[in-house]
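Scroll down for the structure; my scribbles are underneath it.
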Amino acid sequence: MTSALNYDNKYGSDNKYGSQHRWLLSSLLIAIVLLSLAPSLRLLMEALSDLAQGRQSPLWQVLSSASTWRALWHSLYTSGLGMLIALILGSLFAFAITLTNVRGKSWLVFCFMLPMMIPPQVTALSWLQLFGPASPLLKSIGLAPPLGSPQPLYSAEGIALLLGIQSAPLVFLALRTSLLSLPRELIEAARISGAKQTQVWGHIILPVTRSGLIAGGAMAFISSLGNFGIPAMLGIPAGYYVLPTLIYQRMANFGTGVLAEMAALSLLIGLLALAGVALQQQLMNRSRFGLGGHSGRSHDFTLGSWRSLMTATLVGILLIILVAPLLALIISSLVPAMGVPLNAETATLNAYAEVVGRQGATWRAVNNSLWLAGSAAVVLMLLSLPLAYRLQRLPERWRGVVLSAIEIPYALPGVVLAIACILLFVRPLPIINVALYGTLGLIFIAYLARFLVVCVKPVAASLAQLDPSLEEAAQLAGAGPWRRLGSIILPLVAPALFAGGLLVFLLAVNELTVSALLWSAGNETLGVLIFNLDEGGESVLASAVSVLVVIMVASLMLTLSLLAPRLPKGVIPWQS
């Protein structure tokens, strides 16, 4: 790589095409960094504005409000409890699947990762259909509680349970990365020395993988802190508000007139998330070990007679956290109304006929979501290759700075990005005098900023694995930069580029946290449609739409799994 770059520096500067190439790529890089930073900077300016007013400033009013501190405590409590649940579930699956010889590892991983890819509002709806006196599933098997019984999920603990299930795959991914880096020689040396398996786990595996546990727990906490769908569907009916739902309610009731206060609230969430990231980095630095030896393979601790029991335990957990709620969701979509048991007389497809054939809002939401997700995926695919190519040629220090800037919109809670985009585009754009507020264009820009890093990272990982001699030979043969990029690099990184675009589509098509504050009449997305149907009492229709969404998500995940053998390691999260 060094020789290729030296050649480019030596001869490319005298070549007008090489200069244009670098100028265009650098301009693209600057524009993308500005796209990532501009909303956050605008949010910061708005939140800190009018500080000279003292007690009349929006920031002071937010900080002096009892509802703010109550919502802050609710956020910390539900996110903290959800993190503990995620740590338990994620650690169990990571240790069992990565280090033992349980059966059906690939399917266990796929099913465990599915809740993370399913929209949070669908997760909340499926669990609501599983419990409570109106559950069609419980009605069908005669286990429904009496009418008038409280819904147990309308509580802080119910919110935390679903937040933990939703973010447990994050713990699994972080911990599995640490487990795969364990050198086999370290484990084998302990065994040869006569250490028992319990000693190996207690004195080697747990201390060495502590950084993975810390990273997974921090990601679970930050993800739960910014989650909107689950606290909205379980907390708002019970009057239990966390910071994202408090912002949503204030925006819904008062509109853009409270933007300054909402900016202050969003800044509070953002600071909490960034503090979590900083604490994670500090704890990981203290827990990092220098390891030598061969890694990257599972160790396969032989469970012996316990193998079937461990496999059955993992399958049982998946039946509880995944299969049972989805089964309840499917049954709820096949009955004429909530509270009606499913049998031969009551089974009907009317809900599907209604949402597919007669509900205009459904097709509008489908079209909007497909257009937004598809356009964002295509645009980001077009941007990611030249951007990653330019990043590879930056000094390592500047590369880290640029990647951090690109990651900010994805690391911050979605509601923070939504408020930032509203502040940035609430007024018509200068010169062209075009208003984006209340249009699909604003959601599209927010998606570009939020999911850019999702598409760039697989491409950057693929570029890092390329043999630099290929491009160097083409350069010596006289091929220009754009020809090298299109004829040599593009075919080699195409699988990673496609995978990145598919991941963007998968995340964006069901997105709710950002679009919940940015949508307007006629601009609904699928996530907003499901939330609005359930909030309006149309739970059966919401269940039907949710079932179709789950089928789409599972199909896209299967497509990515089939593509995995052609991709660099780590591009597909649930593949080794």
Side-chain angles (χ1 to χ4, degrees), residues 65-86 115 118-139 144-167 221 223-254 262 265 268-269 272 321 324-325 328-329 332 337-339 413-415 512-513 516-517 527-528 530-543 546:
S65 172
S67 61
T68 299
W69 295 105
R70 186 164 52 248
L72 174 61
W73 164 244
H74 291 168
S75 291
L76 293 175
Y77 177 73
T78 54
S79 300
L81 186 55
M83 178 188 69
L84 293 178
I85 295 172
I118 293 175
Q121 65 274 17
V122 174
T123 299
L125 183 61
S126 64
W127 279 82
L128 286 173
Q129 312 295 30
L130 181 60
F131 292 104
S135 169
L137 175 61
L138 297 183
K139 287 278 189 181
L147 291 176
S149 300
Q151 169 59 264
L153 293 175
Y154 287 154
S155 62
E157 291 71 25
I159 294 172
L161 173 64
L162 299 199
L163 289 176
I165 293 172
Q166 186 89 22
S167 54
F221 180 82
S223 174
S224 299
L225 191 68
N227 193 298
F228 172 79
I230 291 172
M233 297 188 74
L234 301 186
I236 290 179
Y240 190 90
Y241 293 97
V242 295
L243 287 174
T245 54
L246 180 64
I247 292 175
Y248 173 79
Q249 286 294 97
R250 294 279 181 85
M251 285 291 295
N253 293 333
F254 301 104
M262 297 308 97
L265 274 174
L268 183 59
I269 307 177
L272 282 175
I321 67 174
L329 190 69
S332 299
M338 291 299 295
V415 68
L512 173 65
T513 307
L517 292 178
V528 170
I530 294 171
F531 178 69
N532 287 346
L533 284 174
D534 181 72
E535 198 174 38
E538 299 287 354
S539 296
V540 175
L541 298 183
S543 299
S546 298

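Side chains are part of it too, since the values below use all heavy atoms of this structure and drop only hydrogens, waters and symmetry mates.
Atom CD of residue Gln129 and atom OG of residue Ser543 lie 3.5 Å apart, to the nearest 0.5 angstrom. Atom CG of Leu76 sits about 10.5 Å away from atom CE of Met83, to the nearest 0.5 Å. Atom OG of Ser167 sits about 8.5 Å away from atom CD1 of Ile85, to the nearest 0.5 Å. Once rounded to the nearest 0.5 Å, the distance linking CG of Leu84 with CZ of Phe221 reads 10.5 Å. Interatomic distance, OG of Ser126 versus CG of Leu137, reported as 11.5 Å (0.5 Å rounding). With values rounded to the nearest 0.5 angstrom, Asn532 atom CG is found 11.5 Å from Glu538 atom CD.
When every heavy atom of Val242 is checked against every heavy atom of Pro231, the shortest pair comes out as CG2-CB, 3.5 Å. Taking each heavy atom of Gln121 and Met233 in turn, the nearest pair found is O-SD, 3.3 Å. Closest heavy-atom contact between Tyr154 and Leu234: CD2-O, 3.3 Å. Shown here for Leu163 and Ser224, the closest heavy-atom pair between the two residues is CB-OG, 3.7 Å. Of all heavy-atom pairs spanning Leu225 and Ser75, the tightest one is CD1-CB, 3.9 Å. Closest non-hydrogen pair, Ala324 versus Leu130, comes out as O-CD1, 3.9 Å.
Counting only heavy atoms from C-beta outward, the side chains of Tyr241 and Gln249 approach each other to under 4.5 Å. Ile159 places none of its side-chain heavy atoms less than 4.5 Å from the side chain of Leu81. The shortest side-chain heavy-atom distance between Leu161 and Ile165 falls under the 4.5 Å cut-off. When side chains are defined from C-beta on, Arg250 counts as touching Ser67, because their heavy atoms get closer than 4.5 Å.
Ring to ring, Phe531 and Phe228 are close: their centroids are under 6.0 angstrom apart. Checked against a 6.0 Å centroid threshold, the rings of His74 and Tyr240 count as neighbours.
Panel note: side chain Asn227, backbone Gly229; a donor-acceptor pair is recorded below 3.5 Å.
Thr123 pairs with exactly one of Leu128, Leu329, Ile118 by the side-chain contact (heavy atoms from CB on, under 4.5 Å) rule, that one being Ile118.
Using the six-membered ring where Trp is involved, Trp127 and Phe131 have ring planes that are parallel, under 30° apart on the 30 and 60° scheme.
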